[in-house]
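Every heavy atom of this structure was used, including side-chain atoms; hydrogens, water molecules and symmetry mates were not. Here the structure is a predicted model, which is why all the values come from computation and not from measurement. In what follows, chains are A, B, ... by sequence order, proteins preceding strands, each numbered from 1.
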Number of protein chains: 2
Amino acid sequence: MPSRLIVSRDLAELLKLLAHSDRLRLIEELRAGEKDVSGLAVALELPATRVSQHLSLLRAHRLVEERRHGRSHFYHLTNPRLADWILDALPFVDIRTRLDDNDHIDTARALWTAADSRSKH
Amino acid sequence: MPSRLIVSRDLAELLKLLAHSDRLRLIEELRAGEKDVSGLAVALELPATRVSQHLSLLRAHRLVEERRHGRSHFYHLTNPRLADWILDALPFVDIRTRLDDNDHIDTARALWTAADSRSKH
DNA sequence: CCAAAACCTGCAAAGTTGCGCAGGCTTGAA
DNA sequence: TTCAAGCCTGCGCAACTTTGCAGGTTTTGG
């Protein structure tokens, strides 16, 4: 029964794809909706080339989809539930050494789930 | 607010830790309960050295814990919910090209959730 | 048509990971 | 005490990733 092995390989591939802080931030940024490359670059304070490279990787694996309008390329999540699933991992993240309050998980989740990417720089 | 950045880094680190098919299989194998290194090596058909190396990595990040008895080292999951969370990712895995039935997700989940690691070789 | 904006891709340097292998430690049995 | 089982760690090589940079394509505006 090699199926189990195959599944574990595919799962590992998915996780590897997500295992980069830039890409995680991109995905969580796209949770709010469609956004173009330069918009993402500004929001995450990353060079546009890097954003483009990460998006191309995510696109190759169908995690995001592209829509072109004018000279802008707008990206959106193929399956927004993925972003929810990622946030479900926060309880397993060891952040107690860096945030000094107790309810760090709620804090962390709030940082992402709230529509706060626009409310503050 | 660098917190969001920090969280994404920690999350990425966790995902990187899980992004290896051997380690995924180890974690799912330990879902059933404690097991020693050679037991895991036999169950997953992997060289014991490799199993040991993976476990040492998981241990360093507190995903598993060790209990020594005699000359055997028994490992168990620090937080079994992690294994559940991993299985929740199966709907996002692209396995349609390799399993030819339709309900591949149920199939895949059954492969892991059932106590079938012993029922078949 | 021409130029600039917005992206994409190829490439090479630097860093990281995975793997087997050799060697070492600890425990239990003879 | 001596041996072997069971496990761990260090080392080195191969393979992969990340990143900036240079150069390319498409679209819009003049």
Checking Arg67(A), Arg59(A), Glu65(A), Glu29(A) against Tyr75(A) for side-chain hydrogen bond (donor to acceptor under 3.5 Å, both in side chains), the one that qualifies is Arg59(A)
Is it true that Glu13(A) and Lys16(A) have a side-chain N and a carboxylate O under 4.0 angstrom from each other?
no
Contact between Ile86(A) and Leu18(A) at the side-chain level, heavy atoms closer than 4.5 Å - yes or no?
yes
Gap between atoms CD and P, on Glu13(B) and dT17(C) respectively (whole Å):
9 Å
Using the ring of each side chain (for Trp, its six-membered ring), is His69(B) parallel, tilted or perpendicular to Phe74(B), with breaks at 30° and 60°?
tilted
Under 4.0 Å protein heavy-atom contact, by nucleotide of nucleotides 19-25 of chain C - B base, S sugar-phosphate only
SBB----
Please report, rounded to the nearest Å, how far the C1' atom of dT17(C) is from the CG atom of Leu17(B).
12 Å
If the threshold is 4.0 Å, N to carboxylate O, is there a salt bridge linking Arg31(B) and Glu28(B)?
yes
Looking at residues 66-80 of chain A, who's got a heavy atom less than 4.0 Å off DNA chain D?
Gly70(A), Arg71(A)
Distance col, row Ser21(B):OG vs Leu44(B):CG, nearest 0.5 angstrom, shows 10.0 Å
dT9(C), OP1 or OP2 - any side-chain N/O from Ser52(A) closer than 4.0 Å?
no
How many whole angstroms separate atom CG of Leu40(B) from atom P of dG6(D)?
14 Å
Heavy-atom closest pair, residues Leu17(B) and Arg23(B):
O-NE, 2.6 Å
Quick check: closest heavy atoms across Ala41(B) and Val51(B), and the distance to 0.1 Å?
CA-CG2, 3.9 Å
Give me the atom names and distance for the closest heavy-atom approach of Leu58(B) to Ile27(B).
CD1-CG1, 4.2 Å
Contacts of Val51(B) and Lys16(A) projected onto DNA chain D by closest heavy atom; the upstream (5') one is Val51(B)
Ignoring hydrogens and geometry, is there a side-chain-to-backbone donor-acceptor pair from Trp85(B) to Phe92(A) under 3.5 Å?
no
Helical bend (five base pairs per end, nearest 10°) for the helix from dC1(C)-dG30(D) to dA30(C)-dT1(D):
10°
Taking CG from Leu18(A) and C1' from dT18(D), how many angstroms apart are they, rounded to a whole number?
17 Å
Rounded distance (Å) that lies between atom C1' of dC8(D) and atom CG of Leu57(B)
14 Å
Heavy-atom nearest pair, Leu24(A) first then Ser8(B), reads CD1-O, 3.5 Å
Distance in angstrom units between Leu55(B) CG and dG6(D) C1', rounded:
13 Å
